[in-house]
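So the structure is just underneath, and the comments pick up after that.
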Amino acid sequence: MTDHAVLTPNHADQVEQVAERGLAFLENHDYALGVAWVRHLWHNAPTDAVVDALATYQNNDGGFSKGLEVDIKAPVSNPFAARLAMHVLLSLRQPAELTSGPVIEGLDRWLTTAQHEDGDWHFAPEVYQHDLAPWFAGWSFPSLNPACCLAGLAARLNLGTDELQARVRRLFDEKASLEEARTGEFYNLLPYVEYLASVDHPERDAYLDTLAANITATAERGAYADAGHFFEHAHGGGPDLLRRIPAPVIKSQVERLLAEPQDDGGWPSPYDPAWRPWATAANLALLATTRPSVRRETDSHQ
């Protein structure tokens, strides 16, 4: 995860136990994507199994829906489901294998063709004809979220075009501010975090410093709903953001993450309980990044 987030040897067995119980939860809930994802990251199962499971959520236009984003029920592609798919792809151990193939090629096509001139990826009219969480029903476009999230993740996956990035850059320069980075709440900060993780900007360092201070203060006053939300910011912003957050804050959130699973092995969710399988798989994907550190420190004490 980062050098100053190394878990102690005492955590090694706990991490493994949490992972196995979480995998059992995913199997019991028949969450094929989560099972394939966790088996890949924890047991070296093939990348193809994860990509194949992800493909079941992909539409003919290359975008994603079909329940990947729990709060958007419409079958047509939407940007928030695409964001989740991109996070799965970015976490895989063999990203070089993802330079081609129908899933990645379809996603690349959708990112390019579905973007509006204003830089954002708007909801299709059909989205409003199905069940939709209230916060999405009132979402305004264009917005930094999801535009900057998708552009930042696309840059990390080497997807999209120069024009795609130029449109989002114009939107960022129009709407972004250090003041929002300093005071914004979770969903206001998310586009800054995911965009600046991989996209260069003249004020990138100033933004990262400001974001780190906000994230740290939010964690210290206990305002993150759970550790997973903390790491969506801290880890989602990449190493340049993570290293700006004090080590004790990160370690306390890792311990919180390990303590959160319920008796059935799955993580809770502050939202629709249908989010629990995704939250469990995503948190185990995050914890997989701690395992090399656990092992190095354990080996050093043998």
Side-chain angles (χ1 to χ4, degrees), residues 1-23 25 38 41-42 87 90-91 180-194 196-197 205 207-271 275-301:
M1 189 178 293
T2 185
D3 289 344
H4 71 207
V6 173
L7 298 179
T8 69
N10 294 334
H11 290 111
D13 289 342
Q14 184 184 5
V15 170
E16 297 292 334
Q17 291 168 7
V18 165
E20 291 311 304
R21 293 180 68 244
L23 178 57
F25 169 85
V38 172
L41 294 175
W42 287 86
H87 273 289
L90 280 167
S91 75
E180 184 172 49
R182 184 180 70 82
T183 63
E185 298 183 353
F186 183 83
Y187 288 104
N188 301 103
L189 292 194
L190 195 61
Y192 290 87
V193 164
E194 295 189 344
L196 295 167
D205 284 337
Y207 272 111
L208 291 179
D209 289 343
T210 303
L211 290 167
N214 188 344
I215 292 166
T216 298
T218 302
E220 289 179 336
R221 68 175 183 269
Y224 278 105
D226 51 43
H229 279 80
F230 168 81
F231 282 111
E232 276 199 75
H233 279 167
H235 190 261
D240 290 342
L241 176 61
L242 196 61
R243 69 171 58 99
R244 287 169 158 86
I245 299 172
V249 173
I250 296 174
K251 289 182 178 181
S252 69
Q253 293 295 321
V254 171
E255 296 209 350
R256 183 185 181 192
L257 190 70
L258 290 173
E260 286 177 338
Q262 296 181 333
D263 290 344
D264 60 6
W267 267 262
S269 172
Y271 311 118
W275 275 112
R276 292 191 65 210
W278 169 267
T280 299
N283 285 332
L284 289 177
L286 170 72
L287 282 172
T289 68
T290 72
R291 298 176 78 211
S293 296
V294 171
R295 288 172 176 168
R296 280 198 301 272
E297 192 164 324
T298 301
D299 292 344
S300 71
H301 285 74

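Here, residue 1 is the first one in the sequence, and each next residue gets the next number.
Separation of atoms CD1 (Ile250) and CG (Leu242) is listed at 4.0 Å; rounding is to 0.5 Å. Distance check, rounded to the nearest 0.5 Å: NE2 of His229 to OG1 of Thr218 gives 12.5 Å. A distance of 9.5 Å separates NZ of Lys251 from CD of Glu255, quoted to the nearest 0.5 Å. Expressed to the nearest 0.5 Å, how far CD of Glu220 lies from CD1 of Ile215 amounts to 12.0 Å. Here the CD atom belonging to Glu185 is positioned 10.5 Å from the OH atom belonging to Tyr224, to the nearest 0.5 angstrom. Of the inter-residue distances, the one linking Leu257 atom CG with Leu286 atom CG reads 6.0 Å to the nearest 0.5 angstrom.
Phe231 and His87 have their aromatic ring centers separated by at least 6.0 angstrom.
Here the closest non-hydrogen pair linking Pro268 and Gln262 is CB-NE2, 3.4 Å. A pairwise comparison of heavy atoms in Ala281 and Val38 identifies CA-CG2, 4.2 Å as the closest pair. For Ala197 against Gly236, the heavy-atom pair with the smallest separation is CB-O, 3.7 Å.
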Would you please test Glu180 and Tyr192 for side chain to side chain donor-acceptor pair (under 3.5 Å) and show each step? CA-CA 9 Å; Glu180 184 172 49; Tyr192 290 87; 2.6 Å; yes
Go through it in stages, so that I can follow the logic: the residues are Leu211 and Leu189, the test is side-chain contact (heavy atoms from CB on, under 4.5 Å), and I'd like the CA-CA distance, side-chain angles, deciding distance and then a yes or no. CA-CA 8 Å; Leu211 290 167; Leu189 292 194; 3.8 Å; yes
List the steps and the verdict of side-chain contact (heavy atoms from CB on, under 4.5 Å) for Val254 and Phe230. CA-CA 10 Å; Val254 171; Phe230 168 81; over 6 Å; no
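Scored by the salt bridge (charged side-chain N to carboxylate O under 4.0 Å, His left out) test, Arg21 finds no partners at all (sequence neighbours excluded).
Judged purely by atom type and a 3.5 angstrom limit, Trp267 has no side-chain atom pairing as donor or acceptor with the backbone of Gly228. A donor-acceptor contact shorter than 3.5 Å is absent between the side chain of Thr216 and the backbone of Ala213.
No hydrogens or angles considered: nothing links the side chains of Thr210 and Asn214 as a donor-acceptor pair under 3.5 Å.
We find that Arg256 and Glu260 are joined by a salt bridge, their nearest charged nitrogen and carboxylate oxygen being less than 4.0 Å apart.
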